[in-house]
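Since this is a predicted model, take the numbers as computed values, not measurements. Side chains are part of it too, since the values below use all heavy atoms of this structure and drop only hydrogens, waters and symmetry mates.
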Amino acid sequence: ALLPDSDVWYGTLKAMWEERATSIDGLHRKITGEFASAAYGGAGEEQEVLKNSTRERSQPVWNGIELEGRPLTTFVDLWHTLFGVDPDTKWPLITTYTNRPTDNLPDTRSATILFMEPNQTLTGIEKAWIVVDMFPKEGFDDSGKFDKTAPGDIIQASIPFTGMAHSNLACRAYALQVLQSMNFVGANPNLQQPVISSLADIDPKLSTAGASYGYSDQVASAASQTLQV
């Protein structure tokens, strides 16, 4: 909210994780117990007592492909230098803005993201993580070279993020609320507007009354008919 174009920042962050990621790794929730043991009898048996439990740490990693114009590179680099440490000045560049923060705590420089996996019917949650204090550890590879015999490169990146993850029943309950609030209208591709021209766009000289004209009309007809079992 400190930036003059904060809506663009929020939108880019959502697009980066929700639309541009080819895969997301590093989310874990395996629980491991630590046991103390005492000898039992003379045969070498031991009684083990659970003394502590730990959960495997999550370290989210974004994997994806950069777009023409390098928007994601610019976004991650600015996030790192504005709110982290600029390589040249060694302090956050947000300090040069008129509307600068009074501190540089995680609530001003990091992101909080909900990761969830719904079930196949979209009625429940299989897995969920709420990761706070997310900050990119590194940026995109930004190297230059010249090779007149080679085609242009596709920039594939794997960006690790900091973060503290929560994953429990409360997280899944919250994720279920988010899932139930989503609007799935238009998610069925059979009911979406076809990109192929409709009947109204066909030249009258090529049309015949009462005839079926193509894909778009077939879709419109199928959507209006009752499924026969």
Side-chain angles (χ1 to χ4, degrees), residues 1-2 9-10 13-64 72 75-77 79-85 87 90-92 94 101-141 156-182:
L2 297 171
W9 281 72
Y10 289 132
L13 178 64
K14 283 177 62 65
M16 177 180 180
W17 283 94
E18 295 179 1
E19 299 181 10
R20 301 310 311 174
T22 56
S23 66
I24 297 173
D25 299 324
L27 297 172
H28 307 289
R29 61 178 308 273
K30 179 182 179 180
I31 294 178
T32 302
E34 296 181 17
F35 295 81
S37 62
Y40 175 78
E45 297 293 335
E46 293 186 359
Q47 181 181 13
E48 295 181 296
V49 180
L50 179 64
K51 305 297 290 184
N52 188 29
S53 292
T54 58
R55 185 176 62 241
E56 185 177 1
R57 186 186 175 199
S58 292
Q59 294 180 285
V61 179
W62 179 93
N63 302 292
L72 298 180
F75 172 71
V76 172
D77 286 354
W79 188 355
H80 201 102
T81 56
L82 277 175
F83 298 100
V85 176
K90 304 305 179 184
W91 61 67
I94 191 65
T102 57
D103 59 59
N104 196 32
L105 296 176
D107 61 318
T108 63
R109 68 172 186 260
S110 65
T112 298
I113 298 180
L114 167 65
F115 300 92
M116 63 180 180
E117 178 184 335
N119 61 17
Q120 292 185 344
T121 59
L122 301 181
T123 57
I125 298 295
E126 297 288 334
K127 306 172 186 176
W129 292 263
I130 298 176
V131 187
V132 302
D133 194 17
M134 292 187 61
F135 190 88
K137 289 186 175 182
E138 59 186 50
F140 284 72
D141 184 18
Q156 295 182 332
S158 181
I159 308 297
F161 279 73
T162 65
M164 296 183 296
H166 304 273
S167 183
N168 48 36
L169 289 175
C171 291
R172 293 201 290 275
Y174 174 69
L176 180 60
Q177 289 184 343
V178 174
L179 177 67
Q180 292 173 340
S181 69
M182 291 181 175

Asker: Working to the nearest 0.5 angstrom, can you tell me the gap between F83 CZ and I94 CD1?
Answerer: 4.5 Å
Asker: With sequence neighbours left out, write down each residue that passes salt bridge (charged side-chain N to carboxylate O under 4.0 Å, His left out) with K137, or none if nothing qualifies.
Answerer: none
Asker: Heavy atoms, side chains only, cut-off 4.5 Å: are S58 and W129 in contact?
Answerer: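 A side-chain contact exists here, since the closest heavy-atom pair is under 4.5 Å.
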Asker: When you measure from the side chain of T81 to the backbone of P92, do you find a donor-acceptor pair of N or O atoms at a distance under 3.5 Å?
Answerer: no
Asker: Less than 3.5 Å apart, which donor and acceptor atoms pair up between the side chains of residues 22-42 and the rest of the protein, not counting sequence neighbours?
Answerer:
unit_1, atom_1, unit_2, atom_2, d
T22, OG1, N63, O, 3.0
S23, OG, N63, ND2, 3.2
D25, OD2, N63, ND2, 3.0
R29, NE, S167, OG, 3.0
S37, OG, E46, OE1, 3.1

Asker: So, taking the atom named NE2 in H166 and the one named CG in L114, what distance separates them when rounded to the nearest 0.5 Å?
Answerer: 12.0 Å
Asker: According to side chain to side chain donor-acceptor pair (under 3.5 Å), does anything in residues 102-117 pair up with another residue at least two apart or in another chain? List the pairs.
Answerer: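 Applying side chain to side chain donor-acceptor pair (under 3.5 Å) to every pair that reaches into residues 102-117, excluding sequence neighbours, yields nothing.
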Asker: Once side-chain contact (heavy atoms from CB on, under 4.5 Å) is applied, do any residues pair with E138, and if so which ones, sequence neighbours excluded?
Answerer: P160
Asker: Taking the side chain as every heavy atom from C-beta outward, state whether W17 and W62 have any pair of such atoms under 4.5 Å apart.
Answerer: yes
Asker: For F75, check ring-ring contact (aromatic ring centres under 6.0 Å, His included) against everything at least two apart and list the hits.
Answerer: W9, W79
Asker: What closest approach, in Å, do P60 and V131 show between heavy atoms, and which atom pair accounts for it?
Answerer: CG-CG1, 4.0 Å
Asker: Any salt bridge (charged side-chain N to carboxylate O under 4.0 Å, His left out) pairs touching residues 49-60, not counting sequence neighbours?
Answerer: none
Asker: If you define the side chain from C-beta out and look only at heavy atoms, does anything of N52 sit under 4.5 Å from T54?
Answerer: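 Result yes, sub-4.5 Å side-chain heavy-atom pair found.
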Asker: Can I get a per-line list of side-chain donor-acceptor pairs under 3.5 Å for residues 171-178, giving both atom names and the distance, sequence neighbours left out?
Answerer:
none

Asker: Between the main-chain N or O of G163 and the side-chain N or O of D133, is there a donor-acceptor pair closer than 3.5 Å?
Answerer: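 No; zero donor-acceptor contacts below 3.5 Å.
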Asker: Working note: M16 + V76, criterion side-chain contact (heavy atoms from CB on, under 4.5 Å); need CA distance, chi angles, decisive distance, verdict.
Answerer: CA-CA 10 Å; M16 177 180 180; V76 172; 3.9 Å; yes
Asker: K14: which residues meet the side chain to side chain donor-acceptor pair (under 3.5 Å) condition with it, sequence neighbours left out?
Answerer: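 Result, side chain to side chain donor-acceptor pair (under 3.5 Å) vs K14: E18.
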Asker: Looking at CE of M134 and CD1 of I113, how far apart are the two atoms once the value is rounded to the nearest 0.5 Å?
Answerer: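 Nearest 0.5 Å value for the CE-CD1 distance: 4.0 Å.
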Asker: L122: which residues meet the side-chain contact (heavy atoms from CB on, under 4.5 Å) condition with it, sequence neighbours left out?
Answerer: P118, F184
